[in-house]
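Throughout, numbering of the chain's residues begins at 1 and tracks the sequence. What you see is a predicted model; the values in this text were computed from it and never measured.
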Amino acid sequence: VYDAVSMWELIEESPVFADEDRLWITDHFLYVLRSGEGCMHSWMRRDIDIVGVRHNHQTLPGVVCLFGGRYFKLGYGLPEADEWMETGARLFDGQEISHKPQCDCNNYEWGTLYQTGWWSLGSGDYTFFDNGSCRTAADRAILEMDNRGFASSNGDCWTLKYFPETLFRQAAEYYQDGRYEWAIRKHGKAIGAGGNRGVADVVRDLEPQEPVDLLGICVAPMSPHFHNAHNTTLPDQPEPNIPLEDSFDKISFRRTFDSEDQYLLLDGIGTGSHGHVDVNGVSQFTDNDRIWLMDVSYAEAPGMRDHNVVTVLRNGKTEDPPPFAALDGTADLETVGFCQTSLSDYCGMDWTRSILWSKERYFLVFDRLVAREAGDFTMRVHWRTPGEGSLEGHTFAVDQQEREPGKGTRPVVKSSRVDAFALASVGADKTAVIHDRENVGKWFESYEYSDPVVSIVQQNRAVRMAEGDSHVF
């Protein structure tokens, strides 16, 4: 509605419209603005007196309050228009101070943020930009962009090719920062729009600048307001399990931004609206311009077992993990890198994930689980990769090769390159692979390098453990 009202304001004086047309259109806008889908949206109004992060279903009508209210105030002197605009201002007062909304989702969360940007630019209250919230969000969006030029999938995602271009445009225009212009152009090349100049046509002398400050092992910080959301606008979500200073949002690993080079994303959050229970999991791994580890799903795969994580059963029962992983430390050297994160008190165990990165060679992932109390434990490491791979002992292997254009199962392009990926595991007494076509395999209907199937590799260990005993995968 907000964009339709804004566009209407620009064209309503055109002679193509008769007065009867203008009255009908204006009456329709007024009807919508006065409805529960407009400025009287109940969810939006419920939280306006609480200072906290917002949801996209709140910020959408919040932007309507600004643009719809301004239109009817300036054009018609409508008394209620002032209240609409005040409601919108109170709503965005809670979001403009945070670089993350209620959502932990590399699709939806950017909508809430660029709607906050629209409200800020439209209202003249530039707090969202001036306090650095938009810049921090845009930097995190680069961290969550894989080397192919697309957003890595985590949380509720509906495509393999999402990209938060609107947020990058806002950041590039306001800060005149060429790093965000570079991101827009990189994505443009990825989708075959190599002539995409981003905002350079409206921001004079803005040149793309590769964000080399975001290479290596790069940590996206936790938003204090998201960390505290249980106590403000997300009371149904779990309480923080660790202090803010120990937490993180995402961690990216990459030596360059070249699509042929390695990229890995680690998730520090397992809560939030549109988010999944995927804390301490690998969201995505790409190399050779291919997706090798994936996390794309919507409501059909939101649980802990549906991600690249470790799950635990104690005495035949499991429980949801704590919402936040702790960052224990990182080391980033010229040829190697190291990162250690941990999740304490998870189903009777403490889980530490250590990642050793031999740059452009391999990743070693060490998952150490320590029993906090005695019990019969079943520990399972999950990995999800596109393509129908095979298992030999405890080593899984899968190939990818370019497919003919189209959807579904397609013949390979015979002259195309074959790329291979292997998962070699130790510490499991049993390793199994499941080929999923119906649940998450469907998201790869149009993927260029494999059939629409996902191989789910499970490394299992079942053992009786005393307090303090440990096991390593």
Side-chain angles (χ1 to χ4, degrees), residues 3 37 43 54-61 63 100-116 118 137 140-169 183-184 187-188 190-193 249-250 263 265 267 269-278 281-286 290-308 384-387 403 405-410 436-454 456:
D3 51 352
E37 294 299 313
W43 189 1
R54 307 305 191 193
H55 192 277
N56 60 290
H57 284 284
Q58 296 174 311
T59 51
L60 276 167
V63 179
K100 193 176 185 73
Q102 291 186 12
C103 299
D104 179 47
C105 168
N106 206 10
N107 284 191
Y108 278 107
E109 73 176 271
W110 308 116
T112 307
L113 292 171
Y114 68 65
Q115 288 152 21
T116 304
W118 280 335
R140 186 174 74 254
I142 293 177
L143 260 68
E144 296 193 60
M145 179 185 72
D146 67 22
N147 277 19
R148 303 174 311 131
F150 299 99
S152 300
S153 300
N154 58 76
D156 286 346
C157 294
W158 60 84
T159 176
L160 291 176
K161 296 188 175 182
Y162 184 81
F163 182 74
E165 183 165 342
T166 301
L167 181 75
F168 282 132
R169 285 181 171 273
I184 296 169
H187 175 69
I191 61 174
D249 192 318
K250 303 289 182 291
Y263 166 83
L265 186 69
D267 198 342
I269 296 174
T271 186
S273 181
H274 285 301
H276 288 180
V277 185
D278 53 2
V282 174
S283 295
Q284 189 149 308
F285 171 58
T286 65
R290 311 288 188 263
I291 300 172
W292 296 110
L293 292 175
M294 53 73 68
D295 192 16
V296 59
S297 63
Y298 204 91
E300 75 281 355
M304 190 69 167
R305 69 176 186 173
D306 301 314
H307 302 89
N308 301 302
R384 303 158 79 83
T385 180
R403 272 18 184 206
K407 291 185 177 182
T409 301
R410 292 153 287 153
D436 181 301
R437 291 176 172 82
E438 301 298 327
N439 199 38
V440 293
K442 63 188 178 186
W443 298 108
F444 289 84
E445 280 284 326
S446 301
Y447 181 57
E448 299 93 331
Y449 304 110
S450 78
D451 291 336
V453 56
V454 170
I456 302 172

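Using the six-membered ring where Trp is involved, Tyr449 and Tyr447 have ring planes that are perpendicular, over 60° apart on the 30 and 60° scheme. Note: Phe163 and His187 have parallel aromatic rings, judged against thresholds of 30 and 60 degrees for the angle between ring planes.
Between Leu167 atom CG and Gln115 atom CD the span is 11.0 Å, to the nearest 0.5 Å. The CZ atom of Phe285 lies 10.0 Å from the CG atom of Asn147; values are rounded to the nearest 0.5 Å. To the nearest 0.5 angstrom, Ser273 atom OG is 10.0 Å from Asp104 atom CG. Residue Leu265 holds its CG atom at 7.5 Å from CG of Asn106, rounded to the nearest 0.5 Å. To the nearest 0.5 Å, the span separating CG on Leu160 from CZ on Phe150 amounts to 9.0 Å.
Proximity of Gln284 to Glu144: side-chain heavy atoms (C-beta onward) are nowhere separated by under 4.5 Å.
Heavy atoms from other residues, nucleotides or ligands lying under 6.0 Å from CD of Glu37 number 12 at most.
Using a 3.5 Å distance cut-off with no hydrogens or angles, the side chains of Glu300 and Trp443 do pair a donor with an acceptor.
Here Trp158 and Tyr162 bring their ring centres to under 6.0 angstrom of each other.
A salt bridge between Arg410 and Asp451 is absent, with no side-chain N of the basic residue lying under 4.0 Å from a carboxylate O of the acidic one. Between Glu448 and Arg148, no side-chain nitrogen of the basic residue sits less than 4.0 Å from a carboxylate oxygen of the acidic one, so the salt-bridge criterion is not met.
Smallest separation of non-hydrogen atoms from Val454 and Gly441: CG2-CA, 4.0 Å.
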